[in-house]
Protein chains: 2
Amino acid sequence: MTADVPELTAHLGYWLRQVSNHVSHAFARRVAARDVTVAEWAMMRVLYSTQPVAPSQLADEMGMTRGAISKLADRLVAKSLVARQASSTDGRAQSLRLTPQGARMVPDLAALAEENEAECFAHLSSEDRATLRRILKEAVVRLDITTTPME
Amino acid sequence: MTADVPELTAHLGYWLRQVSNHVSHAFARRVAARDVTVAEWAMMRVLYSTQPVAPSQLADEMGMTRGAISKLADRLVAKSLVARQASSTDGRAQSLRLTPQGARMVPDLAALAEENEAECFAHLSSEDRATLRRILKEAVVRLDITTTPME
DNA sequence: TATTGTTATACTCTATAACTATA
DNA sequence: TATAGTTATAGAGTATAACAATA
C-alpha cells in the first residue's frame, strides 16, 4: 500500500524549501556578477551597521560557528573587502570591519537585494506579502531560531 | 549614511531562508538517526511512487542534474536501499528502484517527516497554514520553479 | 552525431575538533 | 584553566565538464 505515505508535496516544509532555494539562488546569481556570495553579502551587510565587531559576536549574530566566521572572513579579506584588526587591550581579540572598498560596495549589493526581492515577490498582493512576513516572523520566534549552533 | 541601505531583515527572502533552513535542519537531524540525509529521503520517496525510473527522468522530476542524481544513487546503493538495473532493450539505459529494505524504510521516514512538519508548524492556526501553503504554491507557479538546472 | 549515464573536479556552506596564543 | 580566534578535516549538496557506451 502506498496510500499511507503522504507525498513530499503534502508538507509545508517542501514548498518552503522550493521557494526559499529559488529566491536564494536567484540572489546568488545576481551578486556573483560582483564576485560575492550570499554568505559574504550577509556578513558585509552586518558589518556595515555594526563596525568594528569581534568574530565571536558576529558568530552569535549570524548564527554561525566561530570557525565558519573565520573562514568567511578569510575570503573577504582576500578580496580586500574586509580587514582584521588586533585589539590593543586584549592580545587574543580581533575585530573585523569593512575596508573603504567593501563599504562602497554595500549600497550596490543592497540594490541587487532589492531587485531580487521585487522580482521574486512582485506577483504577490501587498496583503499576501504582509501576511507571509507575519507568519514567517512568528515562526522564527516560536521555533526559537536565533541560537548559534553547537560549539 | 546608512539610512539608504535596508537591513537584511527587510526582505521576505531573509525570513524565508531562516524558517526554511530551520525546518530542513530539524528534519535532517531526525532522519540522521536512520543514517539517511534529506536528499536521500527525497529520492527514496519519489522512487516509492514511481518505480522503476530512469536516472534522467528522476533528474527532471527532482530538479537536479544527472551527475547529482548519479552521486545520490551511489550513496543509496552503497547503503543497499536502492538498486540499479540495466535495461534489456537499450544498452545505455539504467533504472533505479528501492530494494525491499529501502521500501520498508519509507513509511518509517514518512512518519518522521510528519513529526517534523507537526512540530515546526503546530503553532500556526489552520487558516495560516492554508494561507502559507497557498502563497508558496502560487510562488512556485509564478517563479516557474520546476526546471532542471543547466546541462 | 545524439543520448544515457558515470566520473572527475570544484566550490559553497557548514560542522566538529584540535590547536595557538593569551588571559 | 578559560577564552578568542584560527586551522584542519569532513561531508552534504550541487554544478560543470569530460568521458564511455550505445543508439
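FYI, side chains are in, hydrogens and waters are out, and symmetry mates aren't considered; it's all heavy atoms of this structure. Just so it is clear: chains get the letters A, B, ... in the order the sequence lines come, proteins before strands, and each one is counted from 1.
Rounded to the nearest 0.5 angstrom, B/M43 CE and B/L58 CG are separated by 4.5 Å. Rounding to the nearest 0.5 Å gives a distance of 8.0 Å between OG of B/S125 and CD of A/E138. In this structure, CG on B/L96 lies 10.0 Å from CD on B/Q85, to the nearest 0.5 angstrom.
The side chain to side chain donor-acceptor pair (under 3.5 Å) pairs that include a residue from residues 22-39 of chain B are B/R30-B/E115, B/R30-B/N116, B/R30-B/E119, B/R34-B/D108, B/T37-B/R75, where partners are two or more places apart or lie in different chains. Sequence neighbours left out, the pairs with a member in residues 120-131 of chain A that pass salt bridge (Lys or Arg N to Asp or Glu O under 4.0 Å) are A/D128-B/R134.
Every residue was checked against the salt bridge (charged side-chain N to carboxylate O under 4.0 Å, His left out) condition with B/K71, not counting sequence neighbours, and none meets it. Scored by the side chain to side chain contact (heavy atoms under 4.5 Å, CB included) test, A/A103 finds A/L98 as partners (sequence neighbours excluded). When the side chain to side chain contact (heavy atoms under 4.5 Å, CB included) test is applied to A/T99, the partners found at least two apart in sequence or on another chain are A/A83, A/Q101. For B/R84, the salt bridge (charged side-chain N to carboxylate O under 4.0 Å, His left out) partners are B/D74, not counting sequence neighbours. By the salt bridge (charged side-chain N to carboxylate O under 4.0 Å, His left out) test, A/R142 pairs with no residue at all, sequence neighbours left out.
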Using a 4.0 Å cut-off on protein heavy atoms (strictly under), produce a 5'-to-3' string for nucleotides 6-13 of chain D with B for base contact, S for backbone-only sugar-phosphate contact, and - for none.
BB--B--B
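An end-to-end axis angle of 30° holds for the helix from C/dT1-D/dA23 to C/dA23-D/dT1, taken from five base pairs per end and rounded to 10°.
Residues from residues 11-33 of chain B lying near DNA chain C, meaning a heavy-atom separation below 4.0 Å, are absent.
Atoms CG (A/D60) and C1' (D/dT3) sit 13 Å apart, rounded to a whole Å. Taking atom CE of residue A/M62 and atom C1' of nucleotide C/dT12, one finds them 14 Å apart after rounding to whole Å. Atom CG of B/L58 and atom C1' of C/dT6 are 15 Å apart (whole Å).
For C/dA15, one of the phosphate oxygens OP1 or OP2 lies less than 4.0 angstrom from a side-chain nitrogen or oxygen of A/T65.
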Run the side-chain donor-acceptor check on residues 12-21 of chain A: report pairs under 3.5 Å with partners two or more places apart or on a different chain.
{"unit_1": "A/W15", "atom_1": "NE1", "unit_2": "A/T9", "atom_2": "O", "d": "2.9"}
{"unit_1": "A/N21", "atom_1": "ND2", "unit_2": "A/R17", "atom_2": "O", "d": "3.4"}

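Across every non-hydrogen atom of B/E117 and A/A10, the tightest pair is OE2-O, 4.4 Å.
A donor-acceptor pair under 3.5 Å is absent between the side-chain atoms of B/R97 and the main chain of B/Y48, judged by distance alone.
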Expected rows: protein N/O vs nucleotides 19-23 of chain D N/O, under 3.5 Å:
{"unit_1": "D/dT22", "atom_1": "O3'", "unit_2": "B/G91", "atom_2": "N", "d": "3.3"}
{"unit_1": "D/dA23", "atom_1": "OP1", "unit_2": "B/G91", "atom_2": "N", "d": "2.6"}

